Trainee: 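Take this structure, written in structure tokens, and hold onto it; I'll ask about it next.
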Amino acid sequence: MKRSALAFALASLLATACKENNNEEFRFRVETTRLAISQSFPVSRTAPATAVEGRYLAFLASESDEGRNLNSVSGDADTSDHVAVLVDMVAKDVTVLGVAARDFQFLGSYLFLEVDENADSKDWDADGTPDDFVLLQMPAAAPANGSLQYVATLRVNAGPQPPAGLPAGPHMLVTDNDRLFFVHAASASPAVDETTISMIRLNAGVPLAPLRLLNAEGAATLTPVLLGSESNVVYAALDEVFEGDLTGDSDTTDNFVLALIDAEEAVPDVTIPRTAGGDGLALAGASSPLRTLDVGAKRIVGFLVDEAEQGAGSLNSSSDPNNPLSYPAQCSADDLDATDEVLHHVSIDDTTHVVGTPVNTFLCGVDRVLLAKNGSSTFIATIQPESDEGNCATGLNGNDSDTLDRILRWVRADPTGGAVFSDVDGMVALKNLPGGTAGATDFAGRWVVVIDEAADTLDWDGSATDNDVVAWLDPTDGLGAQWTSDHDSAAAGIQPAGAAWMGEIKSRERVLLSFQESVANLAINGRDTDKLDSVPVFARFDVNDPDDFDFFGPAVATHDNRPGIVIANGLAFYRVDESDDNFDWNGDGDKSDEVLFRTTVTDLSESYFLSTLNAFDIPAITTDSSNIGAAFIVEEAMKGRLNADADTDDFVVQWMRVGP
């Protein structure tokens, strides 16, 4: 960012930001459910879960935290269930649905619930025993207990199980392109060419009957689990224990062989991307990184193949005649081990929906797969541990003698050709920051990273202190590409940005940062004079200067490691740390809480305190593209008693209208 622009933004904010919200309109007025959310339940979520769709909010209330039985449908006597709750944020109606659930998803204005019959004490599928996992649906506009309808029986403990490490039943319910995907129980008896995955579509807003997806190869049933979705591609995984050998290594021990579902197809099927030799490709596990990018006439899917699971030896050998990579001078040996995860990509044609042949990039990596389209070129990247690149005696970046660093490396993911980047100067050591990015993201056709100066052993910010410094690089610069950490090259010295947390938006419209005062050498938040805090920043490249990376944000101290920044409807919502900001925002007589703020993103004209929040490492709010309402979780220990019991140990769901 230009130094003058930074100073102007901060001067304006010091004068105008951080007012309490006294807006008397319906928007941003906080409402409470007075119900404690479940903190621990057996679904594939890493934090307490809320979902918002239009005017509706859903979550699971904790009977144990409430100290009362909420399961009115089955009438079971215990108080250990996680009971589904639906909120109409416009009508301000809170309805306890009275059914013990494990997971949930909205599809349009319908709520779908994954229910454990055993916990619910009810035989929903009427098979004589309440021991299944079932899928229920109900219209959100009519949330009476009687509106819950049985849809299908899901995978159960007694039947074929998902791969090791996944919860019993389906890994998750997945929605994409106005469709819901789920996994039937194997007892549902698929036909020879069918899979156990079904899809529900909407017709005039009403869910149709489930449609069983076919195996694209025919002649065999498939029993996948679901891993997630992006850009109208649903990720699935197959377990060789049930399918037989898919990877061609003569064993049946690979638990996560990649399968894809093209959700843009009218009637999609389940496709196994196969090499030219006919082998499927094995992921390391359910959390293996995946990334899809729409690049015009096709979508590119990037993923990491686990060498040990694949059983084909080294997939990143420098002596392989198909390996296009160049290596630094210190990398003269050959990586012949089979312990790495190696970056691959495959394309899906947007017209024919044909899945192409996977391409091996020969780059080993962990944690992240990134894709960047800039002009006519597309690039794919991953984070490469130096120790995994077994041919480098002194590490990839050449700045030190160890092999302990994490390096971002990339190649082209298109057939336009050109040399592969391998310049030592570009192989910087990354800081493994919280925020879900592991210190690297793709943004506006570039790579944005946080450099760990202590690990990199180079000075990127002109300071004697080893900091974590934000930098960017344009991969279309080819062999001459350089990292930019000086965000105003016209000014004397280096104008750096440091970050303790980095997040991203699914649409990649901004890079989200907790911007460190100490690295910029500025006292930014206006309620103290130290330079020890971080402020929330919504960074982007200047629309008039694509090489000007701007750091916009309010002059208020966020939490360094968990700002939880969310952008919706032109507003940023984030966590403020009262102690760092030196102000009692919720007026409870101390400065020890974490609270919820909002800021206008485009011009930073308004920043308001909204509510007490929590100390979770999760997004500050949950909302959707409809921008009608937003939900958040309030920690009673910071706020005081909010639900019906006598303690202040719970976490209570609140919401607010953020639009019409």
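In this text the structure is predicted, and so the values were computed from the model without any measurement. Note that these values count all heavy atoms, side chains included, but never hydrogens, waters or copies made by symmetry.
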Trainee: Would you list the pairs meeting disulfide bond (SG atoms under 2.5 Å apart) in which at least one residue belongs to residues 259-332, sequence neighbours left out?
Mentor: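 As it turns out, the disulfide bond (SG atoms under 2.5 Å apart) pairs with a partner in residues 259-332, which skip direct neighbours, are Cys331-Cys392.
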Trainee: Give me each pair satisfying salt bridge (charged side-chain N to carboxylate O under 4.0 Å, His left out) with a member in residues 351-360, each pair once, sequence neighbours excluded.
Mentor: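 Counting only pairs at least two positions apart or across chains, no salt bridge (charged side-chain N to carboxylate O under 4.0 Å, His left out) contact touches residues 351-360.
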Trainee: Any side chain to side chain donor-acceptor pair (under 3.5 Å) pairs touching residues 430-441, not counting sequence neighbours?
Mentor: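 Listed once each, the pairs are Thr441-Glu504.
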Trainee: Residues two or more places apart in sequence or in another chain: which of them pass side chain to side chain contact (heavy atoms under 4.5 Å, CB included) with Asp337?
Mentor: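 Asp337: side chain to side chain contact (heavy atoms under 4.5 Å, CB included) contacts with Glu307, Asp335, Thr339, Asp340.
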Trainee: Under the side chain to side chain donor-acceptor pair (under 3.5 Å) test, which residues partner Asn467, sequence neighbours left out?
Mentor: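 Partners of Asn467 by the side chain to side chain donor-acceptor pair (under 3.5 Å) criterion, ordered by chain and then number, come out as Asp461.
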Trainee: Taking only residues two or more places apart in sequence, or in another chain, which ones meet Ser347 in a side chain to side chain donor-acceptor pair (under 3.5 Å)?
Mentor: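 Ser347: no side chain to side chain donor-acceptor pair (under 3.5 Å) contacts found.
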Trainee: Applying salt bridge (charged side-chain N to carboxylate O under 4.0 Å, His left out), name anything that partners Asp367, two or more places apart in sequence or on another chain.
Mentor: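 Scan of Asp367 (salt bridge (charged side-chain N to carboxylate O under 4.0 Å, His left out), adjacent residues dropped) gives Arg406.
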Trainee: Side chain to side chain contact (heavy atoms under 4.5 Å, CB included) with Met427: which of Gln384, Glu386, Arg409?
Mentor: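 So the option named by the test is Arg409.
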Trainee: Please check if any side-chain donor atom of Thr153 sits under 3.5 Å from a side-chain acceptor atom of Asp132, or the reverse.
Mentor: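 Side-chain D/A pair, Thr153 to Asp132: absent.
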Trainee: Going by the ring pair (Phe, Tyr, Trp, His ring centres under 6.0 Å) test, which pairs reach into residues 427-446, not counting sequence neighbours?
Mentor: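 Passing the test, one end in residues 427-446: Phe443-Phe541.
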Trainee: Quick one about Thr292 and Ser231 (side-chain donor to acceptor, distance below 3.5 Å, no hydrogens or angles considered), yes or no?
Mentor: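 No.
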Trainee: With sequence neighbours left out, what residues match Glu230 under salt bridge (charged side-chain N to carboxylate O under 4.0 Å, His left out)?
Mentor: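 Listed in chain order: Arg291.
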Trainee: I'd like to know if Asp279 pairs up with Arg274 as an ion pair, taking the criterion as any Lys NZ or Arg NE/NH1/NH2 lying under 4.0 Å from an Asp or Glu carboxylate oxygen.
Mentor: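 Salt bridge: no.
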Trainee: If we ignore angles and hydrogens, is there a donor and acceptor under 3.5 Å between the side chains of His184 and Thr196?
Mentor: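 There is no such pair (donor and acceptor under 3.5 Å, judged by atom type) between the side chains of His184 and Thr196.
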Trainee: List the residues meeting side chain to side chain contact (heavy atoms under 4.5 Å, CB included) with Leu404, not counting sequence neighbours, and say none if there are none.
Mentor: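 In terms of side chain to side chain contact (heavy atoms under 4.5 Å, CB included), with neighbours along the sequence ignored, Leu404 is linked to Asp402.
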Trainee: So, using side chain to side chain contact (heavy atoms under 4.5 Å, CB included) as the criterion, who are the partners of Thr247 when residues are at least two apart?
Mentor: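 If we apply the side chain to side chain contact (heavy atoms under 4.5 Å, CB included) test to Thr247, skipping adjacent residues, the hits are Glu240, Asp245, Asp249, Asp254, Val257, Ala282, Gln310.
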Trainee: Tell me which pairs pass salt bridge (charged side-chain N to carboxylate O under 4.0 Å, His left out) where either residue lies in residues 344-361, with sequence neighbours left out.
Mentor: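 Residue pairs with at least one partner in residues 344-361: Arg299-Asp350.
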